[in-house]
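Sequence positions, counted from 1, serve as the residue numbers for this chain.
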Amino acid sequence: MRIIIALLLLSYNSFGLNKEERIKIGAVLGITGGLYIYDQRIKDFSQEHRNLTSDKIASFAKPFGDGRYTLPPLALFYLYGHFYEDKRAEEVALLSMKSFVLSGAFTQIIKFTTGRHRPNTGDKYNTWDGPHIPFSNDSFPSGHSSSAFAIATVFASEYKGIIPSLAYSIATLCALSRINDNCHWASDVFFGSCLGYFTAKGIIGLKKANYAFKVDRVNGLLVSYNFW
């Protein structure tokens, strides 16, 4: 846990973040830390109250964070947008896939860096290995949660009406299924969800960037960009 906090504090202090971004990172750190303190009690409570209904809901929601189930529909959604000239559908599918891949990369890096033991191992909530080969303990953060929110945030940001509520509801159920199934601690799920959310927001922000390439006969190639 100390490793990931150190990494986040480094980004908090070193990358020129504005006040709003610092507040958001501070909130994520604070809530993650608060959940971490109660991880064992949350795990015990969820397992004591686990039942057939919660298992059925978890079984329904879990696939929304698994690329084996989400990427094929996104590919079909892209093809639909391409062939029927629905530019929004085409763009949303591409943004979702980019967000999925990038959040997944971030998640795997943090998993390897921290090496946290999963609750279903029977180990305590504060058991961390740090970087370790072979790579076996990968509880923090939750990959299903980050993937679900990475995709849901794109759909919620690009569509109106009932879509945002539906997308975030499914992503939330997917995240909670990982606690119900005893596969992740509460802090794993919260941090993974935030990771997916902010990765998607970053991808969406980049689509608004206007990249301009200029050739300077003296200094060579100049690359500049402006955000609308």
Any heavy-atom pair between the side chains of F198 and V28 that's under 4.5 Å? yes
When every non-hydrogen atom of A150 is compared with those of S103, the smallest separation belongs to CB-OG, 3.5 Å
Answer yes or no: is there a donor N or O on one side and an acceptor on the other, between the side chain of K111 and the main chain of P141, under 3.5 Å? yes
Do R50 and F45 form a cation-pi contact, if we require the NZ or CZ to be under 6.0 Å from the six-membered ring centre and within 45 degrees of the ring's axis? no
One should read off an interatomic distance between I37 CD1 and S187 OG, to the nearest 0.5 angstrom, of 10.5 Å
Do P131 and F112 make a side-chain contact, defined as non-hydrogen atoms from C-beta onward lying under 4.5 Å apart? yes
Closest approach of A89 and Y159, non-hydrogen atoms and distance? CA-OH, 3.6 Å
So, the side chain of D39 versus the backbone of W185: is there a donor-acceptor pair under 3.5 Å, distance only? no
Under 4.5 Å between any side-chain heavy atoms of P119 and Y125, yes or no? no
Can any side-chain N or O of S147 pair as donor or acceptor with the backbone N or O of H144 at less than 3.5 Å? no
So, the side chain of S157 versus the backbone of V154: is there a donor-acceptor pair under 3.5 Å, distance only? no
Separation between CD of E158 and OG of S96, rounded to the nearest 0.5 Å: 8.5 Å
Could you tell me whether the side chains of S146 and T107 share a donor-acceptor contact shorter than 3.5 Å? yes
Do we see a donor-acceptor contact under 3.5 Å between the side chains of S193 and R178? no
Is a salt bridge present between D138 and R118, judged by a nitrogen-to-oxygen distance below 4.0 Å? yes
Rest of the hydrophobic cluster containing L173 (Ile/Leu/Val/Met/Phe/Trp/Tyr, side-chain heavy atoms under 4.5 Å)? I57
Would you check if K98 and V101 make a side-chain contact, meaning some heavy-atom pair closer than 4.5 Å? no
Student check: side-chain heavy atoms of T153 and Y168 closer than 4.5 Å: yes
Distance check, rounded to the nearest 0.5 Å: M97 atom CE versus F77 atom CZ? 10.5 Å
Donor-acceptor under 3.5 Å (Q47 side chain, N180 main chain): yes
Answer yes or no: are there more than 12 heavy-atom neighbours, outside Y38 itself, under 6.0 Å from its atom OH? no
Is I31 linked to Y36 within one hydrophobic cluster, defined over Ile, Leu, Val, Met, Phe, Trp and Tyr using a side-chain heavy-atom separation of less than 4.5 Å? yes
Could you check whether D188 and S142, counting side-chain N and O atoms only, form a donor-acceptor pair closer than 3.5 Å? no
Connecting only ILVMFWY residues whose side-chain heavy atoms lie within less than 4.5 Å of each other, what is the rest of L166's hydrophobic cluster? F60, F64, I170
Spacing of L95 atom CG and E90 atom CD [to the nearest 0.5 Å]: 10.5 Å
Would you call K56 and L52 a side-chain contact if the rule is heavy atoms closer than 4.5 Å? yes
Counting only N and O atoms by type, is there a donor-acceptor contact under 3.5 Å from the side chain of N51 to the main-chain atoms of S54? yes
State, with a plain yes or no, whether a side-chain heavy atom of I110 is found less than 4.5 Å away from one of F191. yes
Taking all atoms of both residues into account, what is the closest heavy-atom pair of G65 and C174, and its distance? N-SG, 3.5 Å
Verify, without hydrogens or angle tests, whether S139 (side chain) and H184 (backbone) share a donor-acceptor contact under 3.5 angstrom. no
Are I109 and L195 connected in a single hydrophobic cluster, I mean Ile/Leu/Val/Met/Phe/Trp/Tyr linked by side-chain heavy atoms less than 4.5 Å apart? no
For F140 together with W128, are the ring centres under 6.0 Å from each other? yes
Considering the options N137, N126, T127, which one meets the side chain to side chain donor-acceptor pair (under 3.5 Å) requirement together with H117? N137
Side chain D181, main chain C183, donor-acceptor under 3.5 Å: no
Closest non-hydrogen atom pair between S99 and G196, with its separation: OG-O, 4.3 Å
R41 vs S46, test: side-chain hydrogen bond (donor to acceptor under 3.5 Å, both in side chains). Steps then yes/no. CA-CA 9 Å; R41 275 172 276 188; S46 68; over 6 Å; no
Looking at side-chain heavy atoms only, is the closest gap between F155 and V92 below 4.5 Å? yes
